[in-house]
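This is a predicted model, so every value here is computed, not measured. Here is how names work: the chains are called A, B, and so on, in the same order as the sequence lines, proteins then strands, and each is numbered from 1. Values reported hereafter were calculated over all heavy atoms of this structure, with side chains retained and with hydrogens, waters and symmetry mates removed.
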Amino acid sequence: MRKSSLLAIALTLLSVPSAWAHAHPKIMVPAADSAGPAPAKIIVTFSEPVEAKFSSIVLTTEKGEPLSKEKSVGDPSDPKTLTLTPPSLATGDYLVHWTSVAPDGHKMQGEYKFTVK
Amino acid sequence: MLTLHIACSSTSDIAFSIMWGSILALYWNALPHSLLSILYKVFHAAALTLCMALPLQLLLLAADMAGTMHWSELRPILPDVLATHAGSVLLSQFICVFLTSLSSLLPLGPWSRRSFSSALLLALTTFKATAGHAASDGTFSLREIAQWLHLVSIASWAGGILLAAWFILPHLDRESSMPLTFLRRLSFQCTLFLALVFLSGASNTWLVTEGQLAPLSSSTWGTLLIVKIAFVLFALRIGFQNRRDIQGELTTSTQAVVIKRIRLEALVMLVILCASGWLSNLSPT
């Protein structure tokens, strides 16, 4: 490999800033696009710790209508995890809207679907 | 909002680099006495700039978290924002730069002033190192140490060049041997810190990415990073040419060329620091 290519690769590695990791959902219960019985709890574990006060998970119907006013809570023993206790869910499709604020203040949002059979 | 974020981050990074450049110049660049007071003024002006940029960064952070820019909605959540990791780190940084600015009013001797300024800059750097994702591993982690080294080395490299181009070289007597002595020391400083940039950056990247480099080629973030790398390569080329030219005796014409190149390198550094400010506000995925 030519010296210039090696230099370019080295610089690529060295220039990666601290923005690499934002808090993305890593483990979701129930899983995204899964189908199964109504869950007792909705749990999202992010790729890194989140600020629980400014992070949330909200459950809505497929049309985006909120299902309860209950707020998600952080897990004191695991700062990467948020939990929401949903109401009794009938058969159908549901959306979980998540918002994460990482320790550096970066905010991310997204949603995923699951089905109750 | 993103534009404001980038402007604030870039301004902070430039001011921080100038603070490091000034402190290093005060310690070992063997500058004439007349320049020392200019360096202190530059150092305190950079601290004052940070004093203004940091509260704005805190407001932007609060606006991000709350999802609103209205002051009436931001004001009640400020205590909660200050209680977050990012908020408390910004507050700690602000206290450091506020004390630094305040110290310019104190009747301190040269040794006390320099030591006090250095201590506050080290504290500021420590808080800055815990501001990013390095904090995810907890306090005093290996990632924070790598980040600390990375910040110091980049700020010393960029700050040395910016300070030289804007404040030192215009005030040096070009007929004396002073420019050559200064340029050789500056070149050594940049080479040393560039090596540190490589080492700390490599370990930082390894710790942060865990070997996943796919986003480099598939996002706006990756494209911007490549643009930044192009400018880093350009700065390296300029630095290499200057290092080669100052090895021997410096003729008046060569000196003029070298100084012109340093001014160009300072502009390239500004682009690099702005690109870094932009990158730190983007998600790679």
> Can Lys107(A) and Asp64(B) be said to form a salt bridge (charged side-chain N to carboxylate O under 4.0 Å, His left out), step by step?
Replying inline: CA-CA 7 Å; Lys107(A) 187 178 186 176; Asp64(B) 254 358; over 6 Å; no
Over all atoms of both residues, closest heavy-atom pair of [X] and [Y]:
X         : Y         : result
Ala86(B)  : Gly105(A) : CB-N, 3.8 Å
Asp104(A) : Leu61(B)  : O-CD1, 4.3 Å
His85(B)  : Glu51(A)  : N-OE2, 2.8 Å

> Where does Val89(B) contact chain A at under 4.5 Å (heavy atoms): side chain, backbone, both or neither?
Replying inline: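 No part of it gets close to chain A.
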> Nearest 0.5 Å, what's the CE-NE2 distance between Met65(B) and His106(A)?
Replying inline: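 That separation rounds to 10.0 Å.
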Cut-off 3.5 Å, no hydrogens considered: what does the side-chain donor-acceptor table look like for residues 36-45 of chain A, sequence neighbours left out?
{"unit_1": "Lys41(A)", "atom_1": "NZ", "unit_2": "Thr85(A)", "atom_2": "OG1", "d": "3.2"}
{"unit_1": "Thr45(A)", "atom_1": "OG1", "unit_2": "Thr81(A)", "atom_2": "OG1", "d": "3.1"}

Do other residues, nucleotides or ligands put more than 12 heavy atoms under 6.0 Å from the [atom1] atom of [X]?
X         : atom1 : result
Tyr112(A) : OH    : yes
Phe231(B) : CZ    : no
Trp157(B) : CH2   : yes

>> Under the rule for side-chain hydrogen bond (donor to acceptor under 3.5 Å, both in side chains), what residues qualify as partners of Lys63(A), not counting sequence neighbours?
In response: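 None.
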